[in-house]
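As the structure lists them, so they are numbered: ligands from 1, and atoms in each ligand from 1. Keep in mind that this is a model prediction, so the values were computed, not measured.
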Amino acid sequence: MSPALSHAALATGDLRRRRAAAHFGRTIHYYDSVDSTNTVARQLALNGAAEGTAVIAETQTRGRGRLGRAWVSPPFRNLYLSIILRPPLAAAEVAQITLVAGLATAEAAGEWAPGAAIKWPNDVVVGGRKLAGILAEMETDAEGVRFVILGIGVNLNAAAADFPPELRDKAVSLRAATGQLIDRVAFADRLLSCLEHRYDLFLRAGFAGIRPLWESHSSLNGRQVEISGGGQRLVGVVTGIADDGTLVLRDAAQMEIRVVAGDVTVLGGYEKEAASPPSARNWECP
Ligand code: BT5
């Protein structure tokens, strides 16, 4: 692998050609450096930009995760993408978009690393390490949801040294997982296609319509997990996901628990065998 190649700018002309007839990514705003692609996309959406408009940057100086956490964004290695959505949804349904994006990201990543799986609610993992994170932010007014900015960060060619020491055994890139240099244009094109397809299916059939697919890509089914957040802590075995996107657990007393939000830790790690591993994956995004 040539070190120069791994520092090359994204071939935006090639990506724009591939997306010319599509909905997601037909318009792409590309930057060397921004504070956060979600912030840039929000401004474009406020100015009237169409659904499917994408923002991509080579690096972010203030890339963000949930709850004010930072998204580490080394330049020229990875994908930092935000897409403007204008979904006809109630505010309470917007969290399901994160799940839809998790499915699409796991499917796209799975074309390079077959072990890629969703970790509810907003991560994609390979071998128990975080490959991608999703942050959906909505803008509402008196009439309801004006738009949603769907932000996705995927580690493509980052090396361990590109991450701060505390992340080196928690984060992974597709390159580290596969040993191959990843073509970032090819990945972005597949991700945008999968997102477009799964988002359309979601708007037509609701989350219930993609739930079986989502479950077949879940890394958590049958695993004992701890859920933390909002000062609460719960332990149980994951039995699946409900039609509204809540995670379903069974606790030690065999009671069913539904989890709306939180951070998930797999107890015993992913090396430990799941009590009921996910079913075989039947189909991938077109
Ligand atoms: C997320 O939050 O995982 C959502 C990340 C969304 C990032 C995208 S990039 C494009 C768009 N523009 C933005 O500004 N954001 C979106 P959360 O579940 O809160 O996880 C954040 C945690 O993930 C951090 O506290 C770290 O522990 C870890 N982390 C940070 N950077 C990482 C990276 N590059 N790879 C893997 N893990 C990372």
Original post:
Are any of the side-chain nitrogens in R190 or E284 under 4.0 Å away from the carboxylate oxygens of its partner?
Top reply: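 The answer is no: the pair does not qualify as a salt bridge.
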Would you mind listing every disulfide (SG to SG under 2.5 Å) that reaches into [range], with sequence neighbours excluded?
| range | result |
| --- | --- |
| residues 163-236 | C194-C285 |
| residues 90-121 | none |
| residues 54-141 | none |

Original post:
So which residues, sorted by chain and number, lie with a heavy atom under 4.0 Å of ligand 1?
Top reply: S36, T37, N38, Q60, G63, R64, G65, R66, R69, A70, W71, V72, L81, S82, N122, D123, K130, G133, I134, L135, G151, I152, G153, N155, F163, L167, A171
Original post:
Hey, are the side chains of V100 and L150 touching, using non-hydrogen atoms and a 4.5 Å cut-off?
Top reply: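 In short, these two side chains do not touch, never coming nearer than 4.5 Å.
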Subject >> Single-linkage hydrophobic cluster, 4.5 Å side-chain cutoff, V238 and V259 together >> reply: yes
